[in-house]
2 protein chains.
Amino acid sequence: MTDDENLDSNEAEARAVESRAEAFIGVREARRSEVAEDYVELIAELIHENGEARPVDIATRMGVTAPTVAKTLGRLARDGLITRAKYRSVFLTEEGRALAKECRHRHEIVLRFLLSLGLDPETAERDAEGIEHHVSERTLALFAAFSQRS
Amino acid sequence: MTDDENLDSNEAEARAVESRAEAFIGVREARRSEVAEDYVELIAELIHENGEARPVDIATRMGVTAPTVAKTLGRLARDGLITRAKYRSVFLTEEGRALAKECRHRHEIVLRFLLSLGLDPETAERDAEGIEHHVSERTLALFAAFSQRS
DNA sequence: GCAAAAAGTTAGCTTCGGCTAATAATCATC
DNA sequence: GATGATTATTAGCCGAAGCTAACTTTTTGC
């Protein structure tokens with residue numbers, strides 16, 4: 001191997017490593033917003049179904065305890081996604097509503113895609129819940145197109 | 001609505017809520033093993049490429065600092081996935097190797113699937129990294145079948 | 001309208017997974 | 001083989017997200 005080749009392959013290697021690292025960093029970022037997205041999406045659903053989102057219902061549907069919900073709602077409020085008053089139900093801010101809508105959209109595309117691949121509804125719902133936070137815009141577009149034409 | 005219908009719909013509702021909650025619980029469980037899986041997969045790669053897995057290389061490729069790697073390796077050792085000696089490289093246990101193999105397998109299927117959907121390699125790698133931890137066996141089988149026949 | 005049940009909150013603990021700063025060990029080079 | 005650079009570890013901080021136990025507030029049913 002000449003020095004030039006060596007240099008080139010080292011540089012190529014370095015780029016590959018960096019891009020890999022960036023992928024991991026991206027995944028970690030996505031992970032950080034997962035919980036908030038799940039809550040906001042669920043709150044929107046509850047408001048739609050029941051007219052209000054009570055912590056106790058959020059807890060039941062998320063499969064966590066009431067104090068966990070309380071703490072998470074505190075973070076959501078801090079981040080400007082919801083408003084709440086003590087001992088009262090929760091409401092979405094404009095920003096929260098926008099996020100909820102986006103999440104619902106993504107969730108539906110992923111779910112429809114999995115179903116159109118032939119997956120059973122139970123598993124599809126389960127997998128969609130995990131996958132929806134990790135699909136890029138591009139992938140989402142391909143998923144949507146696939147469901148459409150099948 | 002008769003009382004019977006009311007009861008039925010309540011029960012149906014309750015089942016739906018519980019199954020939703022279980023989906024969330026499942027996602028949280030998957031999340032807990034994500035980091036371990038990523039590390040083990042990467043360690044296997046490094047050993048294959050370089051003959052050994054050094055913390056500094058793990059750190060670079062994961063995009064985290066050395067102390068973060070040290071702490072995580074402590075957890076992996078505690079959980080029986082790796083062995084290590086102070087100031088030395090890391091090795092996989094039998095269990096760690098098995099997990100790494102499984103992860104690599106899943107990663108490849110998801111990646112191939114995304115590519116065969118028409119996604120660009122860069123984005124495919126990125127999305128695969130996030131998605132691979134959240135696909136059930138069934139979905140994985142469908143992904144594999146799809147890549148095969150396309 | 002009061003008492004019991006349900007819902008919400010607060011306090012305090014745990015683990016995980018990040019970080020920086022400081023220290024210790026190993027390696028490489030002369 | 002000493003010394004400087006690289007690598008690894010330790011200590012200690014933080015925030016997120018889970019939990020239980022204890023308490024307060026609200027709602028409900030008689």
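In what follows, chains are A, B, ... by sequence order, proteins preceding strands, each numbered from 1.
- Remark: A/Arg75 is not in phosphate contact with D/dG18, judged by side-chain N or O atoms under 4.0 Å from OP1 or OP2.
- The CD atom of B/Glu34 sits 11 Å away from the P atom of C/dG18 (whole-angstrom rounding).
- Look at CG on B/Asp57: it is 15 Å from C1' on C/dC27, rounded to the nearest Å.
- When the side-chain nitrogen and oxygen atoms of A/Thr68 are compared with OP1 and OP2 of D/dC19, one or more of them lie within a distance under 4.0 Å.
- In this structure, the nucleotide among C/dT9, C/dG18, D/dT9 sitting nearest to the side chain of B/Val64 is C/dG18.
- The shortest distance between the side-chain N/O atoms of B/Arg78 and the OP1/OP2 oxygens of C/dC16 is below 4.0 Å.
- Between the CZ atom of A/Arg32 and the C1' atom of C/dC16 there is a distance of 15 Å, rounded to whole Å.
- Distance check, rounded to the nearest 0.5 Å: NE2 of A/His107 to CD1 of A/Ile131 gives 10.5 Å.
- Panel note: side chain A/Ser116, backbone A/Arg112; a donor-acceptor pair is recorded below 3.5 Å.
- Phosphate proximity of D/dT7 to B/Arg54: present, with a side-chain N or O under 4.0 Å from OP1 or OP2.
- Distance CG (A/Leu73) to C1' (D/dA17): 13 Å, rounded to an integer number of Å.
- Here D/dG18 presents its C1' atom at 16 Å from CD1 of A/Ile58, a figure rounded to the nearest Å.
- Toward the 5′ end of DNA chain D lies the nearest nucleotide of B/Ala70, the other residue of the pair B/Ala70 and A/Arg31 mapping further downstream.
- In the set D/dT10, C/dT9, C/dG18, D/dT10 carries the atom at the smallest distance from any side-chain atom of B/Lys86.
- Side-chain nitrogen and oxygen atoms of A/Thr65 include at least one within less than 4.0 Å of the OP1 or OP2 phosphate oxygen of D/dC19.
- Between the CZ atom of A/Phe24 and the C1' atom of C/dG17 there is a distance of 15 Å, rounded to whole Å.
- Nearest nucleotide to the side chain of B/Tyr39, out of C/dA7, C/dG18, D/dG18: C/dG18.
- The CZ-C1' distance, from A/Arg28 to D/dA17, rounds to 18 Å in whole Å.
- Considering CD of B/Glu125 and CG of B/Asp120, their distance stands at 11.0 Å, rounded to 0.5 Å.
- B/Glu94 and B/Arg97 are joined by a salt bridge, as a carboxylate oxygen and a charged side-chain nitrogen come within less than 4.0 angstrom of each other.
- Close to D/dA8, at under 4.0 Å from its OP1 or OP2, lies no side-chain N or O of B/Arg88.
- In this structure, B/Asn50 atom CG and D/dT7 atom C1' are separated by 15 Å, rounded to whole Å.
- A donor-acceptor distance shorter than 3.5 angstrom exists from the side chain of B/Thr93 to the backbone of B/Gly80, with no hydrogens or angles considered.
- Note on ring orientation: taking the six-membered ring where Trp is involved, the planes of B/His134 and A/His134 are parallel (angle under 30°, cut-offs 30° and 60°).
- For B/Gly63 and A/Arg84, each mapped to the nucleotide of DNA chain C holding its nearest heavy atom, the one lying further toward the 5' end belongs to A/Arg84.
- Of the candidate nucleotides D/dT26, D/dG18, C/dA11, D/dG18 has the atom nearest to the side chain of A/Val35.
- For B/Tyr87, the side-chain atoms get nearest to D/dA8 when compared with the rest of C/dG8, D/dA8, D/dT20.
- Side-chain atoms of A/Lys71 and base atoms of D/dG18 include a donor and an acceptor less than 3.5 Å apart.
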